[in-house]
Number of protein chains: 2
Amino acid sequence: MTSLSERQVSGNGSRPTMRQVAELAGVGVKTVSRVINGEPNVTAETAQRVLDAARALDYEPDLHAGNLRRADRRTRTLGLLVGSVDNPFAGAVHRAVEDAAAGRGVAVFASSLDDDPQREREAVSAFLRRRVDGLILTTATAKQTYLLPELRRGTPIVFVDREPSGIEADAVVSDNAGGAARAVEHLLSHGHRRLAYLGDLRGITTAHHRREGFLDAIRGGGIPAADVHVIEDLHDESSAREALLRLLDGPDAPTAVFSAQNLITIGALHALRDRGRHRDTALVGFDDIELADLLEPGVTVIAQHPEDLGRIAAERVFARLDGDASPAHRVVVGTTLIVRGSGEIPPRS
Amino acid sequence: MTSLSERQVSGNGSRPTMRQVAELAGVGVKTVSRVINGEPNVTAETAQRVLDAARALDYEPDLHAGNLRRADRRTRTLGLLVGSVDNPFAGAVHRAVEDAAAGRGVAVFASSLDDDPQREREAVSAFLRRRVDGLILTTATAKQTYLLPELRRGTPIVFVDREPSGIEADAVVSDNAGGAARAVEHLLSHGHRRLAYLGDLRGITTAHHRREGFLDAIRGGGIPAADVHVIEDLHDESSAREALLRLLDGPDAPTAVFSAQNLITIGALHALRDRGRHRDTALVGFDDIELADLLEPGVTVIAQHPEDLGRIAAERVFARLDGDASPAHRVVVGTTLIVRGSGEIPPRS
DNA sequence: GTGAAAGCGCTAACAT
DNA sequence: ATGTTAGCGCTTTCAC
């Protein structure tokens with residue numbers, strides 16, 4: 001009859017509004033609003049009429065429209081920035097954040113940065129335009145001063161895995177230096193003196209701390225620096241593999257290797273296999289890897305606890321949203337040495 | 001001075017609006033809107049004044065507020081539902097969806113279902129309330145008729161990995177039956193007759209198709225059904241491990257095993273190691289697993305291509321959003337047999 | 001090239 | 001217990 005509301009989209013396009021629900025139920029919009037939001041002062045009977053109407057129309061309230069006027073202006077949405085959602089470590093962090101958020105009716109946006117600072121800026125902006133209530137990030141930038149205005153505005157920002165720089169904000173990180181030192185001590189205790197460090201891009205704070213922990217322990221063990229190979233700026237499996245192959249083929253091949261990151265560990269494992277040296281070269285990896293226990297030898301690792309990192313980071317966000325105005329927290333999550341065989345191989349004599 | 005705008009939140013709480021940017025730039029809001037959205041009819045000079053003001057205030061436009069009145073009503077947001085963001089298969093799908101979406105300025109919500117139908121309903125509702133432009137889901141429900149109203153309304157809904165039921169919608173799935181059959185043929189060609197099938201929950205369509213493919217190939221190979229163990233309703237590593245341990249310890253232990261899912265494969269690998277049977281029992285897994293090439297023997301698998309599934313699913317969503325009103329597509333992505341050793345072990349004689 | 005007014009779907013504040 | 005009015009931050013429409 002009326003041609004006013006005709007649409008030419010592929011579906012019929014129309015989404016029921018609260019007004020339509022109100023009309024069908026024969027009540028005012030505010031009554032519908034009360035029912036949908038579980039507010040008091042509605043008789044059970046009216047409430048039922050409203051719910052029936054909503055059901056009949058397959059009504060879903062528009063959260064964003066409501067937010068525009070709502071006092072707390074919460075979108076019940078979080079933004080998570082990680083290296084890549086495809087990485088097992090990030091997946092575990094993500095899952096923990098999601099679990100903490102789901103209990104509060106909060107949905108999670110995720111974005112992969114591939115350690116590209118430019119992507120971080122864009123992803124943060126995309127999330128802020130969507131008015132996320134908080135941000136959890138494994139930063140890819142050297143300094144995060146660009147977040148200062150947003151932080152001052154009251155948006156909870158929590159750094160996970162990597163520490164912030166140029167900004168005082170909550171951070172939840174692994175004990176990178178301690179874990180790396182523990183790996184070295186473990187190798188030294190098995191008699192090794194010629195060690196190699198295979199590390200990630202130097203600009204990444206975790207890589208820096210792991211390297212420092214490694215070198216501190218080397219010094220503490222009285223090992224001359226000349227006996228140690230420090231290879232950095234590796235960033236994926238293939239570069240790590242090639243780097244270790246070069247070491248194995250060169251003079252003074254290490255008798256023990258510390259690989260400072262999961263992909264680097266996998267690259268190192270490949271290199272050792274390539275040269276048939278996996279049974280006479282010790283290896284300890286930082287961050288646990290899938291199936292490490294089924295390899296021969298099993299891969300000894302310094303395991304991180306990504307579930308804890310993610311959960312605690314999410315809890316920090318919610319604490320801030322709940323009004324916690326205390327100074328920036330820095331939470332350090334311990335690492336765990338998991339002995340499986342590769343780290344206990346003695347030096348070749 | 002004015003106490004009207006005082007807030008008691010921890011930050012100063014105020015977020016600049018387009019109006020404030022307009023005032024600072026000395027122009028009307030509509031002009032700011034034009035600049036922010038890259039619309040024509042603004043002189044370069046005015047545009048610069050607006051951009052300067054926006055920069056000075058650290059202004060981020062409110063996408064949702066704009067959407068309320070905007071003609072296309074697109075939030076530039078997608079909802080992705082997977083088994084768990086912590087699973088490598090889901091991670092790869094997720095990453096592919098994200099990459100396809102990022103190019104279009106679309107952000108992605110992800111949610112883990114743990115194969116719980118109830119969680120699916122809640123997650124879908126949470127996404128619809130946030131007005132996602134489209135939905136990509138690895139469904140956990142037996143029937144998805146509850147999505148019919150939304151689909152008719154024009155919201156693109158694409159099923160990935162598992163086929164829909166009770167609803168005609170786009171679907172992108174692996175060739176589950178074909179891949180499973182290929183696994184069986186491979187095992188039969190190496191002389192096996194006593195096979196075992198270790199499968200996921202029967203309610204899951206992929207599990208069903210893999211089982212059918214397995215049984216078809218068994219029949220095609222002239223193997224009597226009595227020589228085959230079919231174990232179903234396994235759903236994680238530990239249940240798979242225990243199930244295979246029981247088979248290995250029982251009479252008529254299989255000489256070859258087909259594990260129909262990545263976690264099941266890992267459980268099976270553990271069981272074989274537990275009994276020291278990994279070198280004399282053949283194994284082919286469905287879905288590739290990390291480090292499969294470094295195990296001894298290497299793990300032969302029917303690899304899926306999760307990146308393709310995710311990318312194609314996202315492309316379907318965008319095609320629908322761009323007006324494609326053709327009947328529901330069903331895209332089948334092939335699988336790849338990767339020979340690594342475990343699948344080529346001959347039967348014990 | 002620019003801006004004022006109306007309105008998107010909802011909630012706050014204030015009726016009744 | 002329920003409804004009415006204004007307004008959230010933006011885009012649309014239309015005037016200049």
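In what follows, every chain begins at residue 1, and chains take the letters A, B, ... in the order their sequences are listed. Below, all heavy atoms of this structure are taken into account, side chains as well, without hydrogens, waters or symmetry copies.
- Between the base of C:dG9 and the side chain of A:Arg15 there is no donor-acceptor pair shorter than 3.5 Å.
- The distance from atom CZ of B:Arg76 to atom C1' of D:dC10 is 16 Å, rounded to the nearest whole Å.
- For the contact set between residues 36-67 of chain B and DNA chain D, defined by any heavy atom under 4.0 Å, the members are B:Asn37, B:Tyr59, B:Pro61, B:Asp62, B:Ala65, B:Gly66.
- Protein atom CZ of A:Arg19 is 15 Å distant from nucleotide atom P of C:dT11, rounded to whole Å.
- Applying the 3.5 Å distance criterion, the base of D:dG7 shares a donor-acceptor pair with the side chain of A:Arg69.
- Checking D:dT2, C:dT11, D:dT12 against the side-chain heavy atoms of A:Arg34 singles out D:dT2 as nearest.
- Between A:Thr31 and D:dG3 there is a side-chain polar atom (N or O) within less than 4.0 angstrom of OP1 or OP2.
- Among C:dT2, D:dT11, C:dC8, the nucleotide with an atom closest to any side-chain atom of B:Met18 is D:dT11.
- Between B:Arg129 atom CZ and C:dC10 atom P there is a gap of 13 Å when expressed in whole angstrom units.
- Among the heavy atoms of the strands lying under 4.0 Å from A:Val27 are primed sugar atoms or P, OP1, OP2 only; no base atom is included.
- Ion pairing between a basic and an acidic side chain is recognised when a charged N comes within 4.0 Å of a carboxylate O; B:Arg119 and B:Glu122 show no such pairing.
- For C:dC10, the OP1/OP2 oxygens have no side-chain nitrogen or oxygen of A:Ser33 closer than 4.0 Å.
- A donor-acceptor contact shorter than 3.5 Å is absent between the side chain of A:Ser111 and the backbone of A:Ala123.
- A donor-acceptor pair under 3.5 Å is formed between the side chain of B:Asp324 and the backbone N or O of B:Ser326.
- A straight line from CG of B:Asp72 to P of D:dT11 spans 11 Å, rounded to a whole angstrom.
- When atom types are taken as modelled, the side chain of B:Asp116 and the backbone of B:Gln118 share a donor-acceptor pair closer than 3.5 angstrom.
- The side chain of A:Arg70 contributes no N or O atom lying less than 4.0 Å from OP1 or OP2 of C:dG9.
- Taking atom CZ on B:Arg130 and atom P on C:dC10, their separation rounds to 15 Å, with Å as the unit.
- Side-chain atoms of A:Asp133 never come within 3.5 Å of backbone atoms of A:Leu78 as a donor-acceptor pair (strictly under, hydrogens ignored).
- When the P atom of C:dG9 is taken as reference, atom NZ of A:Lys30 falls 17 Å away, rounded to whole Å.
- Checked by atom type and distance alone, the side chain of B:Arg130 pairs as donor or acceptor with a backbone atom of A:Arg76 at under 3.5 Å.
- Put simply, the residue from A:Arg95, A:Glu98, A:His94 that forms a side-chain hydrogen bond (donor to acceptor under 3.5 Å, both in side chains) with B:Ser84 is A:Arg95.
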